[in-house]
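Since the structure comes first, as structure tokens, the remarks are kept for the end.
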Amino acid sequence: MLRAEIELTVNPKKMSEVLDVLYEDKMNAMKAVDIFNEFNIIQNNNKIDIIVECDSMEKLSEHMRNMHYRWQDLKTSGAIIKQKHNFINI
């Protein structure tokens, strides 16, 4: 089992745009079979913490390849200023 903790620093003027993508990502990920056991999004001012649990790094990597191209667009547009990932085997 793997826990991923993602910390995003977001341009406050583009927070709703980032949250829209994150909640759509969550909705699609939770519909898919066997990807995530947990998917939480926590907003605090211009910071967003995302905490997910999944069975393996392989499943997480597949999800990231299929969905996170949109994150790159958000980074390019300046909506996501900074991101940090922490992976923990549980």
Side-chain angles (χ1 to χ4, degrees):
M1 184 79 76
L2 177 74
R3 178 181 176 104
E5 299 171 349
I6 301 104
E7 299 174 17
L8 302 177
T9 303
V10 177
N11 178 334
K13 294 179 181 177
K14 297 190 176 200
M15 180 62 75
S16 64
E17 180 182 351
V18 173
L19 287 171
D20 286 347
V21 169
L22 294 178
Y23 281 107
E24 182 180 334
D25 187 15
K26 176 181 179 174
M27 184 179 66
N28 290 335
M30 296 307 286
K31 284 181 188 176
V33 177
D34 296 333
I35 296 180
F36 293 109
N37 304 320
E38 179 182 335
F39 195 129
N40 295 306
I41 299 170
I42 304 156
Q43 179 191 355
N44 185 10
N45 296 321
N46 74 320
K47 307 277 185 189
I48 299 174
D49 292 323
I50 304 157
I51 301 168
V52 298
E53 288 184 4
C54 61
D55 290 332
S56 68
M57 186 59 154
E58 291 78 23
K59 288 184 181 186
L60 179 60
S61 295
E62 180 181 336
H63 168 77
M64 291 172 73
R65 280 191 303 277
N66 292 331
M67 292 300 298
H68 287 196
Y69 65 91
R70 295 181 65 199
W71 286 39
Q72 186 60 45
D73 293 343
L74 292 170
K75 289 181 355 186
T76 301
S77 75
I80 295 176
I81 299 167
K82 185 173 120 180
Q83 74 180 40
K84 177 183 171 189
H85 293 79
N86 187 27
F87 302 102
I88 305 162
N89 287 315
I90 53 175

For this session: Kindly determine whether Leu22 and Glu24 satisfy side-chain contact (heavy atoms from CB on, under 4.5 Å), including the steps that lead there.
Result: CA-CA 5 Å; Leu22 294 178; Glu24 182 180 334; over 6 Å; no
Checklist entry - Is the backbone N or O of Glu5 less than 3.5 Å from a side-chain atom of Lys84, with the two atoms forming a donor-acceptor pair by type? => result no
For Asn11 and Gly78, the nearest pair of non-hydrogen atoms, with its separation, is CB-O, 3.4 Å
Q) Linking I/L/V/M/F/W/Y whenever their side-chain heavy atoms sit closer than 4.5 Å, directly or via other members, would Val21 and Ile51 fall into one cluster? A) no
query = Are Phe39 and Leu19 linked, directly or through other ILVMFWY residues, by side chains that come within less than 4.5 angstrom of each other?
reply = yes
For Asn46 and Met15 the tightest heavy-atom approach is CA-CE, 3.6 Å
Practice prompt. Go through Ile48 and Thr9 one step at a time and tell me if the side-chain contact (heavy atoms from CB on, under 4.5 Å) criterion holds.
Written response: CA-CA 7 Å; Ile48 299 174; Thr9 303; over 6 Å; no
Angle class for the Phe87/His85 ring planes (parallel below 30°, perpendicular above 60°, tilted otherwise)? parallel
Requested in this report: Carefully, step by step, assess Lys59 and Glu62 under the rule side-chain contact (heavy atoms from CB on, under 4.5 Å).
Outcome: CA-CA 5 Å; Lys59 288 184 181 186; Glu62 180 181 336; 5.5 Å; no
In short, salt bridge (charged side-chain N to carboxylate O under 4.0 Å, His left out) pairs touching residues 40-53 with sequence neighbours left out are Arg3-Glu53
Cys54 and Met1 have their tightest heavy-atom pair at O-SD, 3.2 Å
- Indicate if Val10 and Ile41 have the same hydrophobic cluster label, given that clusters are the connected sets of ILVMFWY residues with side-chain heavy-atom separations under 4.5 angstrom. yes
_For a 4.5 angstrom cut-off between non-hydrogen side-chain atoms, does Gln83 reach Trp71?_
yes
Interatomic distance, CE@Met30 vs CD@Glu38, rounded to 0.5 Å, equals 8.5 Å
All heavy atoms of Met57 vs all of Leu2, minimum pair found to be SD-CD2, 3.6 Å
Kindly determine whether Val52 and Asn40 satisfy side-chain contact (heavy atoms from CB on, under 4.5 Å), including the steps that lead there. CA-CA 6 Å; Val52 298; Asn40 295 306; over 6 Å; no
Check for me, please, whether Ile81 and Ile6 land in the same ILVMFWY cluster - side-chain distances under 4.5 Å, paths through other members count.
no
